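A short write-up of the structure that comes next.
These numbers were taken from a predicted model, which means no experiment stands behind them. Below, read A as the first sequence line, B as the second, and so on, with proteins coming before strands; counting in each chain starts at 1.
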2 protein chains.
Amino acid sequence: MSDALPPIPPADEPRRARGRPRKTADERDDGNRRQDLLRAAARLFRQQGFAATSTRDIATAAGMRSGSPFYHFENKEALLAAVMLEGMQRASSQQADAMQAAARHGQALSARDCLRVLVRNHLEVLLGAESDFIPVMLYEWRSLSEPQRQAVNELRREYEAVWVPVLQALHDRGELSGDTSLARLMLFGALNWAVQWFEPGRRSSLDDLTEAALQLFLKEAV
Amino acid sequence: MSDALPPIPPADEPRRARGRPRKTADERDDGNRRQDLLRAAARLFRQQGFAATSTRDIATAAGMRSGSPFYHFENKEALLAAVMLEGMQRASSQQADAMQAAARHGQALSARDCLRVLVRNHLEVLLGAESDFIPVMLYEWRSLSEPQRQAVNELRREYEAVWVPVLQALHDRGELSGDTSLARLMLFGALNWAVQWFEPGRRSSLDDLTEAALQLFLKEAV
DNA sequence: CCTACCGATCGGTAGG
DNA sequence: CCTACCGATCGGTAGG
């Protein structure tokens with residue numbers, strides 16, 4: 001008994017990683033938890049604002065304990081930036097899909113039809129179900145540090161770049177008057193403001209809003 | 001000694017007010033300090049947001065110590081409500097003045113001219129120097145409790161009511177198409193959004209913006 | 001990803 | 001309006 005030594009592990013036994021018990025199984029779990037955090041953060045940031053939302057609130061909403069969000073994000077601000085980046089990526093890819101789908105139907109898409117697709121998709125991104133990410137980006141801009149703003153701004157420029165030739169074409173055909181750059185800013189303003197007053201079930205639908213916007217901003221073709 | 005009763009105060013001796021040593025002198029001082037707080041709060045709430053601004057920040061900016069704001073306002077939220085109410089009162093009276101001044105010049109003001117005056121004044125209220133109050137109202141709405149929202153909303157309805165007949169007249173003359181109620185919401189959106197991108201010295205002036213908005217939203221009269 | 005914890009800050013108050 | 005203070009909460013971290 002007394003000379004019974006603990007068994008010596010074979011030299012080639014894989015060393016167990018210490019300190020951070022990472023899963024060897026599918027990484028999906030990790031990604032899912034991060035996504036859960038993003039979704040919870042987006043919803044709470046939108047409802048209460050960034051500063052009024054504690055990382056504990058977010059952790060609880062994602063089914064975690066108070067310290068766990070910092071395993072996935074360096075700090076609270078990085079979580080905000082991630083929400084905005086995620087929002088812009090979704091918006092851009094959704095916008096590209098919408099344009100492609102529309103182009104497949106009618107092969108020759110008029111500038112007016114293009115704008116209709118863009119406006120309709122923008123409203124979907126802004127007001128559709130499960131869309132907290134973009135409103136957070138619109139209304140928590142000042143809570144972001146300068147380097148993070150630049151990162152988000154890059155995606156934002158991509159998103160807006162799609163609108164430029166459409167508005168230019170409308171201007172050339174006399175359907176949109178005035179400076180197209182100011183027109184774009186005012187159009188975005190008119191649409192983004194809907195976040196403040198739109199109520200899903202009530203009165204006007206997103207289709208209604210789309211038609212109203214087109215009717216309001218566009219002139220008859222000459 | 002045992003029968004010595006505490007002296008009975010004469011019935012007509014003036015009772016000293018205890019607890020709050022209010023000034024007997026001019027009340028101007030009080031009003032000025034309150035205004036200082038409002039101004040400081042408006043600026044900080046706008047720059048950093050309501051939740052990210054401490055009452056200590058505000059006190060310091062107004063030249064007071066940390067506890068003093070609570071002499072003037074019941075709590076932080078009441079201070080926010082006061083900022084918004086002050087903003088709406090100024091906006092409304094400024095709007096009334098602008099309309100009166102315009103009516104004195106040209107005696108018959110066209111609907112288009114009316115809208116020009118309203119838009120120009122709205123931009124001034126929104127983007128002019130010393131105007132932090134209305135932006136705070138626009139972007140801190142969710143930080144307000146329901147009863148306070150109702151109080152602010154009352155003033156807001158008054159302000160917007162002035163626009164209704166003007167937009168209706170434009171619609172009747174064919175210069176504005178579509179539902180006038182949606183048109184009003186989109187117009188406000190287009191203008192309010194300028195808070196996010198307008199830079200005072202740069203490129204376009206408030207006059208430029210006014211003309212751009214009119215050109216964008218209005219059709220030729222039929 | 002949890003437990004246990006820290007230092008800092010915050011809104012607000014008593015008493016003068 | 002100041003002084004001095006309190007209880008609560010918050011972002012974040014060490015160690016596992």
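Looking at heavy atoms from C-beta onward, A/Trp163 lies in side-chain contact with A/Leu187 at the 4.5 angstrom threshold. Between B/Cys114 and B/Met99, the closest side-chain pair of non-hydrogen atoms falls below 4.5 Å.
Phosphate contact (OP1/OP2 of D/dT9, side-chain N/O of A/Arg56, threshold under 4.0 Å): absent. Phosphate proximity of D/dT9 to A/Ser54: absent, as no side-chain N or O sits under 4.0 Å from OP1 or OP2.
The distance between atom CD of B/Glu77 and atom C1' of C/dC10, rounded to the nearest whole Å, is 16 Å. Taking atom CE of B/Met64 as the reference point, atom C1' of D/dT3 lies 16 Å away to the nearest angstrom. Computed from coordinates, the A/Arg65 CZ to C/dA4 C1' distance equals 12 Å when rounded to whole Å. Going from atom OH of A/Tyr71 over to atom C1' of D/dT13 covers 16 Å, rounded to whole Å. Nucleotide D/dG12 holds its P atom 5 Å from the CZ atom of A/Phe70, rounded to whole Å. A/Ile58 has its CD1 atom 12 Å from the C1' atom of D/dC10, to the nearest Å. Rounded to whole angstrom, the span from the NE2 atom of B/His72 across to the C1' atom of D/dC2 amounts to 12 Å. The interatomic distance linking A/Asn32 (CG) with C/dC1 (C1') rounds to 15 Å, in whole Å.
Distances from the side chain of A/Ser66 to the nucleotides D/dC1, C/dG12, C/dA4 place C/dA4 closest. For A/Lys76, counting side-chain heavy atoms from C-beta on, the closest listed nucleotide (C/dG11, D/dG12, C/dC1) is D/dG12.
Side-chain contact, A/Ser54 with A/Asp57: a donor N or O sits under 3.5 Å from an acceptor N or O.
Across the strands present, D/dG16 finds its partner in C/dC1; the criterion is a Watson-Crick or G-U wobble pair with both atom distances under 3.5 angstrom. The partner of D/dC10, taking Watson-Crick or G-U wobble pairs whose two distances both stay under 3.5 Å, is C/dG7.
Note that CD of B/Glu77 and CD of B/Glu140 are 11.5 Å apart. Values are rounded to the nearest 0.5 Å.
A cation-pi arrangement, defined by a distance under 6.0 Å to the six-membered ring centre and an angle within 45 degrees of its axis, is absent between B/Arg156 and A/Trp197.
Toward the 5′ end of DNA chain D lies the nearest nucleotide of A/Ala52, the other residue of the pair A/Glu74 and A/Ala52 mapping further downstream.
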